[in-house]
Amino acid sequence: MHQSGVPDEARRANGIQPTGPGPSDPAARVRALLREAATAAGSVMVDRVGAAALDAAARSEPYHTRVVPEWAPALVEAHSVPTLVFAPVRDEAGRVVDFVDVAANDAARRYSPQPDIPVGHLLSVAQPQVRASGVIDLMRRAVETGRPLPPQSTTSVLLVHGRLRPVTSWTTITPHRDHVVVVFDPDVSRYERVLRRLEDSGLGGWAEWDLASGFVEWSDGLHRMFGRARDASLPLDGLVPLVAPEDTPLLVSALEVVLRQGESSDADLRVRLPAGERVLRFSLGAMRDGDGQGAVWGVRGFVRDVTQVHRVRSRLDAALREADRRREEARAEARLVARLREALLPAHPTSACSSGAMSLGMLSALAYRPAESAAQIGGDWYNVLPLPERRVLFALGDASGHGLDAVTRMASLRSGLAGLAYTEQRVDVLASWLNHMATETQPEDTATAVICRYHADLRLLRWVSAGHPVPVLIRDGRARPLDGPTGLILGVLPRTTYEAVDLPLREGDTLLLYTDGLVERRDRDWDTGVAELLREAEAASDLPVQELADTVAGRLLPPAPEDDASLLVLKYVGEDSPATP
């Protein structure tokens, strides 16, 4: 919809004088617009017809030589559209110089120049503009040739009940018994336009508002839509009280575009109708003088009920707003989860695990890749905890779920295991205690873990799996999963026992502890993922531990992982004086 202001030059070119801001009341603004446009349209039409001719037409008397043929009344009444019979008026030489109407049906009398004189008008006097429009010449040709003329479109400014009104019609002129029968249908071209528009957009009704004469014409569909009788069409300013107050500025703006710029404008307005409030789309266009570039003399409107469209759109907008709200909540939660995870699991530097100043002979490194969506951050966790007696706890786990709940479970398991590790119990006992804690504190949630204790003096790694993938050992350049049982996942049964496995270490042995996100994909099975892990581990076996961890994770994982993935790499580098087991 055009809503910008109109330059004064454009208004003057359209015959409209510039006005001030106008009244603030919408109905008053509409009336002011209509008066402004009606004055301009009336002035143009008076200039075209001529003031003197118009005055003569208004004062014309019935033609005194009018004779009504017996057959004429029955002929015109047989038609439903405006039909008239004209008698030719000849000069002394017998040439046809004018016409007088001798019979007209009710539809034609609606277009009579004077309401109290339905017929008997000298055509060139009562309707002075028809000569310039060529209608009289067409009627003369029909009389002279004795042949009917094919239907054609004509436009004339007619004096209708004392007011000037442009009328475009589909006109048929037929000679009959030295008379001319003129049938004109002002609805044909209008119906063609309406039908084309109906085909395009399924409109529910149409209306035309003539500005200078004040004539209003509504279609039956529009009368039904507004619940009004056929003789109760509304003028344009009569629409204002029916439009919701919040929408009246849209109506005013649309009319300003049509009346002052001569352009089309659409507006969706809430209108109070007998059936309740409905949303109607008003597609308004200017009815213009001449070739479509002259003054605006009327408004044509097509109206469609778009209430259901707006209801669907409103529901969609509400759904989008709700989705935006939930998305923002998810983002806020994701930011909180990420910060909490960072606080609970600080970056793991590549270093030698040590107790005091004594080297323990084991290096470790971590590669962690979060899921593509921050909201999907899961419960992957790890522990690298030096303990008394030249021992180190290594653990890697995965709490079920994503988001804040998963991180909370991860934190509980990680901190719980760290405390249990100082009891000096075997790793299988630690796993049982951790399982008992999980079932008691988080009975509806599960987790997996692989727990290892490195004994530097014994050159030994003792490990246990609670539903977690078993570690991978790289020895002498070859990679294989360790042999050992996989116990029940944590958090299912409170009294579950686990079996630990001892792995004597050789210098250069490298172990990979990983979560399922490293190898599991929707498009491949588990064994295929593990086989790929073994191949990549062997290919990177000679790299430093941190580089090995990053390389293997980088080759196995897509740019946007579907799930969290963690890889903890342990490498035994040996000691000068190892103890005997």
Side-chain angles (χ1 to χ4, degrees), residues 348 350-356 358-366 382-397 417 420-432 434 448-487 497-515 530 533-546 548-549 552 567-581:
H348 177 79
T350 301
S351 61
C353 298
S354 61
S355 176
M358 184 180 297
S359 173
L360 299 182
M362 182 71 79
L363 298 177
S364 63
L366 177 76
Y382 70 92
N383 249 334
V384 176
L385 180 63
L387 297 169
E389 305 298 330
R390 292 169 51 83
R391 295 170 299 168
V392 183
L393 176 76
F394 296 103
L396 188 67
L417 179 61
L420 295 173
Y422 282 95
T423 63
E424 300 185 4
Q425 292 291 329
R426 289 168 53 93
V427 290
D428 50 339
V429 177
L430 298 184
S432 296
L434 193 63
T448 66
V450 58
I451 305 170
C452 309
R453 182 181 282 134
Y454 165 59
H455 299 262
D457 292 345
L458 301 177
R459 290 185 178 177
L460 179 73
L461 187 79
R462 182 169 287 132
W463 63 274
V464 63
S465 169
H468 199 87
V470 298
V472 167
L473 172 65
I474 306 175
R475 175 175 286 174
D476 299 328
R478 301 300 300 272
R480 66 175 179 85
L482 290 178
D483 295 327
T486 299
T497 59
Y498 296 88
E499 182 180 346
V501 180
D502 287 349
L503 174 66
L505 296 172
R506 301 179 189 174
E507 188 171 335
D509 281 355
T510 302
L511 287 110
L512 309 183
L513 281 59
Y514 61 96
T515 57
V530 172
L533 168 62
L534 298 179
R535 287 194 300 270
E536 296 299 340
E538 290 178 357
S541 60
D542 293 334
L543 298 176
V545 288
Q546 187 62 58
L548 186 154
V552 172
L567 174 61
L568 180 61
V569 178
L570 312 177
K571 184 168 185 178
Y572 179 64
V573 295
E575 293 183 283
D576 295 336
S577 302
T580 302

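The figures that follow rest on heavy atoms only: side chains count, while hydrogens, waters and symmetry mates do not.
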For this session: Carefully, step by step, assess L570 and L513 under the rule side chain to side chain contact (heavy atoms under 4.5 Å, CB included).
Result: CA-CA 8 Å; L570 312 177; L513 281 59; 4.2 Å; yes
Does any part of the side chain of [Y], heavy atoms only, come nearer than 4.5 Å to the side chain of [X], both counted from C-beta?
X	Y	answer
D457	R391	no
L505	E507	no
L548	K571	no
V472	L533	yes
Y572	Y454	yes
L434	I451	yes
L393	L417	yes
T423	L430	yes

I need the minimum non-hydrogen distance between [X] and [Y], along with the two atoms involved.
X	Y	value
V552	A540	CG2-CB, 4.2 Å
A466	Y498	CB-CE2, 3.7 Å
Y422	P388	CE2-CD, 3.9 Å
S465	T486	OG-CG2, 3.6 Å
D502	L460	CB-CD1, 3.7 Å
C452	V427	C-CG1, 4.1 Å

Problem set entry | Enclosure of R506 CZ (heavy-atom neighbours >12, cutoff 6.0 Å) | no
Problem set entry | R426 bridged to D428 by N-O distance under 4.0 Å | yes
Problem set entry | Polar side-chain atom of Q546 near backbone of A365 as donor-acceptor pair, under 3.5 Å |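 Not confirmed, Q546 side chain does not pair with A365 backbone.
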Problem set entry | Test side chain to side chain contact (heavy atoms under 4.5 Å, CB included) applied to P469 - qualifying residues, sequence neighbours left out | Y514, W526
For this session: Kindly write out the residues that satisfy side chain to side chain contact (heavy atoms under 4.5 Å, CB included) with E499, not counting sequence neighbours, or none if the list is empty.
Result: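 Scan of E499 (side chain to side chain contact (heavy atoms under 4.5 Å, CB included), adjacent residues dropped) gives P485.
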How long is the gap from [atom1] on [X] to [atom2] on [Y], to the nearest 0.5 Å?
X	Y	atom1	atom2	answer
D509	D476	CG	CG	7.5 Å
L420	Q425	CG	CD	9.5 Å
L567	L366	CG	CG	7.5 Å
R453	L461	CZ	CG	11.0 Å
R480	E538	CZ	CD	11.5 Å

Problem set entry | side chain to side chain contact (heavy atoms under 4.5 Å, CB included) evaluation trace for T510 with V545 | CA-CA 9 Å; T510 302; V545 288; 5.5 Å; no
Problem set entry | Identified side chain to side chain contact (heavy atoms under 4.5 Å, CB included) counterpart of L511 within the set V569, L473, V450 |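 Among V569, L473, V450, the one meeting side chain to side chain contact (heavy atoms under 4.5 Å, CB included) with L511 is L473.
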